[in-house]
Number of protein chains: 2
Amino acid sequence: MVRRRERVRPTREQTSERILEGAAASFAERGFHGATIDDIAARAGLTRGAFHSSFGSKEDLFLALYDLMSARLRDRLSAALEQVTVASGSLEAALREFSRGQLERDWYLLSTEFNLYAVRQPSVAQRLATHHRALREALISIVEESLARHGRRLTADRDKVSRLLLAIHDGNQVQSLMEPDTLDAGDLTATFAGALMHSVSAENAPATQSRAGTD
Amino acid sequence: MVRRRERVRPTREQTSERILEGAAASFAERGFHGATIDDIAARAGLTRGAFHSSFGSKEDLFLALYDLMSARLRDRLSAALEQVTVASGSLEAALREFSRGQLERDWYLLSTEFNLYAVRQPSVAQRLATHHRALREALISIVEESLARHGRRLTADRDKVSRLLLAIHDGNQVQSLMEPDTLDAGDLTATFAGALMHSVSAENAPATQSRAGTD
DNA sequence: GACATTCAATACGCATTTGCATTGAAATGG
DNA sequence: CCATTTCAATGCAAATGCGTATTGAATGTC
């Protein structure tokens, strides 16, 4: 494994990564159909030839990009929620933290493109749905942990609560992007997360337990 | 104003409407960039020539379509909420009703295209934001009315509550479209609307009033 | 060090989409 | 009725984007 010379030509992996970066930017700015292979390659400082030797078609690239972004999102969520368990930070703070992040706008644009693509093409929808399930599971398990530390437990359906939280997060993101001046991202989530969690949980007292909203 | 013959040629307005309908279908199915003028015209049973004599460009058409759909949405919301005040129906039922509607999928696809377009083009964002404000205002005023009939009033910020409701509605819609088999549209909204409204309001008793979440 | 392989750039042809200019039919007005 | 105007269809030219085949340089293999 002695390197004889400085490597001049980038590895296949490196070019793929650069193309993926260019694709993220192009898809975010122009949408799936609006983005051209030319533009994507140009953003990566390459040509269409480079693209075609790494990816078969724009669709392939798009799906590869989805996998990449999914992994990143999962990492971001994990990191944010980690703080909840470790530093005994509040769930609200974690969710707010998760909502920020400098990539917000691009992430919204990209993930929305993914969603549209999935809704229009059922086969992709399954792939996306599976990933979303995993995200919700990670989220809700941390929520339960957080509640437990306050001597409470969920009374409403696990799955629905996780969907509710994600819905609020997503909806808030859209609105904050639509009115960037008047609305602060993460605001809505942080404002209501406490009250929400309270309304879907109960004290852990082993006395009578009133069922509320359990399917 | 005596009609001498049966009118053979459709009026300009009629062709415009047909093109708008075709545009709605095409934009929903293929997205803004994906939709071609050819396809739009074909769906309306016309050719590109007809398009060009009614609209200047695809963008013009898109914005005109937005205005049309906005008006329809407002009407739909009004109709759904009307029932709350008139028949003393529950807010949950009205929201669920609003979430259903056979156009759901297409409406999601279209409105998402509008949102994307707006986020990418600030000048359009303002136009869209103004319309959203009006919608939220209509929604929240009905919510307040509904609460009042139960002897309650809002304690949290009006605007934020309306944003919350819309966020939940939108987020739920996305999720239900992503997993059409496992999730029923309107379910999430209906499940939590009651609990939510309870957590952001208080009884109208003229005693001490604890402020909660008021910005 | 010669040879095979990898990989990105270039060049080419093909298909698609668009805008404009022209044309013909249908309405309108005198 | 005839003349004018309106409006959508058609034909044409230009632009854009894609995929493949080919080329040449960098890499690794024997």
Side-chain angles (χ1 to χ4, degrees), chain A residues 1-65 68 113 116-117 120-121, chain B residues 1-65 113 117 120-121:
Chain A
M1 216 28 116
V2 183
R3 95 184 141 147
R4 309 197 171 159
R5 278 180 271 174
E6 287 296 320
R7 186 175 186 88
V8 174
R9 204 171 71 178
T11 65
R12 166 182 280 281
E13 203 177 355
Q14 287 174 324
T15 43
S16 283
E17 280 176 17
R18 286 177 61 188
I19 290 176
L20 282 168
E21 282 174 32
S26 190
F27 283 136
E29 185 158 321
R30 309 185 172 193
F32 177 72
H33 282 286
T36 65
I37 297 181
D38 247 339
D39 181 62
I40 292 171
R43 284 175 200 258
L46 298 167
T47 64
R48 281 210 310 285
F51 167 82
H52 276 291
S53 63
S54 286
F55 299 92
S57 66
K58 196 159 76 165
E59 243 121 346
D60 288 346
L61 173 61
F62 191 66
L63 295 178
L65 181 63
L68 176 64
E113 289 292 332
L116 284 174
Y117 194 90
R120 288 175 181 137
Q121 194 155 338
Chain B
M1 212 36 116
V2 181
R3 94 183 143 150
R4 309 195 170 161
R5 278 179 272 176
E6 288 294 320
R7 186 178 185 87
V8 174
R9 204 172 71 176
T11 65
R12 166 182 282 280
E13 202 177 357
Q14 287 173 322
T15 39
S16 282
E17 280 176 18
R18 286 177 62 189
I19 290 177
L20 282 168
E21 283 175 30
S26 190
F27 283 137
E29 186 159 320
R30 308 184 173 192
F32 177 72
H33 283 286
T36 66
I37 297 179
D38 241 341
D39 181 62
I40 292 171
R43 284 176 199 259
L46 298 167
T47 64
R48 270 178 294 125
F51 166 82
H52 276 290
S53 63
S54 286
F55 299 91
S57 66
K58 196 159 76 164
E59 229 164 302
D60 287 346
L61 173 61
F62 190 67
L63 294 178
L65 181 63
E113 289 291 333
Y117 195 89
R120 289 177 181 134
Q121 197 155 333

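In this text, all values refer to a predicted model and were calculated from it rather than measured experimentally. Below, chain A is the first sequence line, B the second, and so on; all start at residue 1.
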Base of D:dG19, side chain of A:Arg48 - is there a donor-acceptor contact under 3.5 Å? yes
Spatial distance of atom CZ (B:Phe55) from atom OG1 (B:Thr15) [nearest 0.5 Å]: 8.5 Å
Atom CZ of B:Phe62 and atom CG of B:Leu20: how far apart are they, to the nearest 0.5 Å? 12.0 Å
Roughly, in whole Å, what's the span from CD in B:Glu17 to C1' in D:dC7? 17 Å
Counting only side-chain heavy atoms from C-beta out, which of D:dG19, D:dC18, C:dT18 sits nearest to B:Thr36? C:dT18
Where the side chain of B:His52 is defined as all heavy atoms beyond and including C-beta, which of C:dG19, D:dA9, D:dG19 is the nearest nucleotide? C:dG19
Donor-acceptor pair, side chain of B:Arg120 and main chain of A:Ala28, under 3.5 angstrom: yes
What's the CD-P distance between B:Glu59 and C:dG19, to the nearest Å? 11 Å
Atom OH of B:Tyr117 and atom NE2 of B:His33: how far apart are they, to the nearest 0.5 Å? 8.0 Å
If you round to the nearest 0.5 Å, how far is CD of B:Glu21 from CG of B:Leu65? 10.5 Å
Looking only at D:dA9, C:dT18, C:dA8, the nucleotide nearest the B:Leu46 side chain is D:dA9
Return no unless some side-chain N or O of A:Ser53 is found under 4.0 Å from OP1 or OP2 of C:dA8. yes
Atom CG of B:Leu61 and atom P of C:dG19 are separated, to the nearest Å, by 12 Å
More 5' along DNA chain D: B:Thr15 or A:Phe51, using each one's nearest nucleotide? B:Thr15
Checking C:dT10, D:dA9, D:dG19 against the side chain of B:Ala50 (C-beta onward), the nearest is D:dA9
Which listed nucleotide (C:dA8, C:dT18, D:dA9) is nearest to the side chain of A:Ser54? C:dA8
Whole angstrom value for the distance that separates C1' of C:dT18 from CG of B:Asp39: 14 Å
Round to a whole Å and report the spacing from CG of A:Asp38 to C1' of C:dA9. 12 Å
Whole-Å distance, A:Gln14 CD to C:dT6 C1', equals 15 Å
Rounded distance (Å) that lies between atom C1' of D:dC18 and atom CG of A:Asp60: 14 Å
Which whole-number value in Å describes the distance from B:Glu13 CD to D:dA8 P? 12 Å
Checking C:dT18, D:dA8, D:dC18 against the side chain of A:Lys58 (C-beta onward), the nearest is D:dC18
